[in-house]
Amino acid sequence: MIQTTSLKQKAIQFFHILFPILVTQIALSAITFFDTNMSGKFSTADLAGVAIGTSLWIPIQTGLSGILMGITPIVSQLIGSKKEKEVAYQVTQGIWLSLIVSVIVLLIGSFALSPILNFMNLEPTVRDVAFRFLSAISFGIIPLFGYTVLRSCIDALGQTRVSMLITLIALPVNVGLNYLLIFGKFGFPRLGGVGAGVASAITYWVIFSVALLFIYRVEPFASLRIFRKFFFISLKSFKDLLKIGVPIGFSIFFETAVFSAVTLLMSRFDTVTIAAHQAAINFATTLYMIPLSICMSLTILVGFETGSGRQKDARQYAIMGIGLAAILSLATALLLLFAGHHVAGLYTDEPDVISLIQHFLIYAIFFQISDAIATPTQGALRGYKDVNPAFIICFIAYWVIGLPTGYVLATYTDLGAYGYWIGLITGLAIGATLLLTRLVKVQRRYATQYADAQAHH
């Protein structure tokens, strides 16, 4: 990364970092998309089973990956303040932490999975697919979390094209394995939706191995000498990492888990409604990759500028990112409005499911307009290492306001399943407003500190 002076240079640097992150995120979400989509082509029960499995897996995966993403602002501030020699140590501690987190997830999952699925009151075939899908994907947990740490380091150095390359290798591997294992082609076992879980687990091992190779052999990573020296677990480093990572992880978890909670509450509706809701959520999640990528870019750029003491530049990047996300969300709103039928057709051939998906997609428009403000704002706040208030705001907006509102509307009015979506929209809009207010406050505080420091000089 370089120091920029003009707005034009900033825009070039911003897109240089953003574009590969966007491609990476879309490719990662495409893995989930193909899992759901290809299982749906096998049977409706497999679609519902994989959908339930995914809705339990995604919040755990994204929330815990978020904790490990605390590495990004740590490394980008170290690079910004010219302390490259400390990077190897921090990344190794991140890997240790990822290993511990993986083992905890596997232990809890082995006890909690059956009771959770039993509680959901699913049709036996759907429950069976969900259980076996999650059991299969669990073999990929250790490499997935390890890769999250390596990717956070790669991105923090501004080398986001490397992450993009690794993920683009993963996508055809995953789709190819899905084809072989879901449908039992070329003599492979015909596993249905469960095959998607096996394919994902193998894919996670592939991307972790490729990332390791890059970190070890390719510049500028090789000169940081990561993994050339053995470091024992350091509780102090864990504490520093968790202080930034836990609020990031929890705020991501609260945001993704609220969608899963809605899916679980939806299980009292019929299979068609569950399938339509899940397809619409799946597409909305794919669109969410745009503000999420801008969010990740802002963490790197704001962190780098703040580490270098350039507050005005940090603020300009924040405005640029949030503005871009808002404009793009209006463009995707038009897509949903005019091409909703085509989007629904990607998921199923059944007319009644298509028309239901279309209805849900109209609500998705309001979703992603709020997301476009809230998510990049969180990215900027992480760059400032201001993570606790955002986590509290997300919790209140989604769980204290959004979900209860949705439950009341879905249960006690004629809105039915749509009530949950209206509740979510309300929570997201309130969250976006509060986060923006927080960002303005933090920027003012940094500007004042910077002015005071200059005056003392």
Side-chain angles (χ1 to χ4, degrees), residues 55-67 69-70 108 112 116 119-120 242-269 277-278 280-281 284-285 288 291-292 295 322 325 329 360 363-382 384 386-442:
S55 68
L56 288 170
W57 165 234
I58 293 286
I60 293 165
Q61 180 227 313
T62 50
L64 294 172
S65 296
I67 293 177
M69 274 160 50
I108 293 172
I116 290 169
F119 170 73
M120 287 169 66
L242 291 170
K243 207 162 92 181
I244 296 171
V246 167
I248 293 177
F250 270 108
S251 55
I252 294 173
F253 174 77
F254 287 139
E255 192 161 342
T256 49
V258 81
F259 292 104
S260 298
V262 168
T263 302
L264 302 189
L265 291 167
M266 283 276 200
S267 58
R268 68 189 174 89
F269 294 103
H277 160 81
Q278 197 55 38
I281 282 282
T285 307
Y288 175 66
L292 182 63
C295 159
I322 296 163
S329 76
F360 282 131
Y363 289 94
I365 291 174
F366 297 99
F367 250 121
Q368 37 111 35
I369 290 173
S370 297
D371 269 335
I373 308 293
T375 310
T377 305
Q378 283 194 63
L381 286 166
R382 285 169 202 164
Y384 288 114
D386 182 84
V387 285
N388 286 327
F391 142 67
I392 295 161
I393 288 169
C394 289
F395 177 70
I396 291 170
Y398 306 143
W399 289 85
V400 179
I401 299 167
L403 196 61
T405 305
Y407 181 76
V408 169
L409 291 174
T411 314
Y412 301 107
T413 71
D414 300 336
L415 288 164
Y418 301 122
Y420 286 118
W421 284 66
I422 294 170
L424 288 175
I425 291 163
T426 311
L428 282 167
I430 290 168
T433 312
L434 293 173
L435 285 165
L436 210 53
T437 313
R438 175 69 195 172
L439 179 62
V440 171
K441 196 173 170 184
V442 169

Exercise. Val400: what forms a side-chain contact (heavy atoms from CB on, under 4.5 Å) with it, not counting sequence neighbours?
Worked result: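 Here the qualifying residues are Phe395, Ile396.
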Exercise. Should the heavy atoms of other residues, nucleotides or ligands under 6.0 Å from OH of Tyr384 be counted, would the total exceed 12?
Worked result: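 Yes, enclosed.
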Exercise. Heavy-atom count around Tyr418 OH within 6.0 Å, excluding the residue itself: above 12?
Worked result: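 Yes, enclosed.
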Exercise. Shortest non-hydrogen contact from Val387 to Lys243?
Worked result: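 Closest approach of Val387 to Lys243, heavy atoms only: CG2-O, 3.9 Å.
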Exercise. Looking only at heavy atoms, which two atoms of Pro376 and Ala325 are closest? And how far apart?
Worked result: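 Minimum heavy-atom contact is CG-CB, 3.6 Å.
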For this session: Can you run down the side chain to side chain donor-acceptor pair (under 3.5 Å) pairs that involve residues 399-417, sequence neighbours left out, and say none if there aren't any?
Result: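 Output for this query is empty, none listed.
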Are [X] and [Y] close enough that some pair of their side-chain heavy atoms sits under 4.5 Å apart?
X      : Y      : value
Tyr398 : Leu428 : yes
Leu242 : Ile67  : yes
Trp421 : Ile281 : yes
Pro389 : Lys441 : no

Problem set entry | Distance in Å, Leu436 CG paired with Ile373 CD1, rounded so as to fall on 0.5 Å steps |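 Taking CG in Leu436 and CD1 in Ile373, the distance rounds to 6.5 Å.
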Exercise. Taking only residues two or more places apart in sequence, or in another chain, which ones meet Trp57 in a ring pair (Phe, Tyr, Trp, His ring centres under 6.0 Å)?
Worked result: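 If we apply the ring pair (Phe, Tyr, Trp, His ring centres under 6.0 Å) test to Trp57, skipping adjacent residues, there are no hits.
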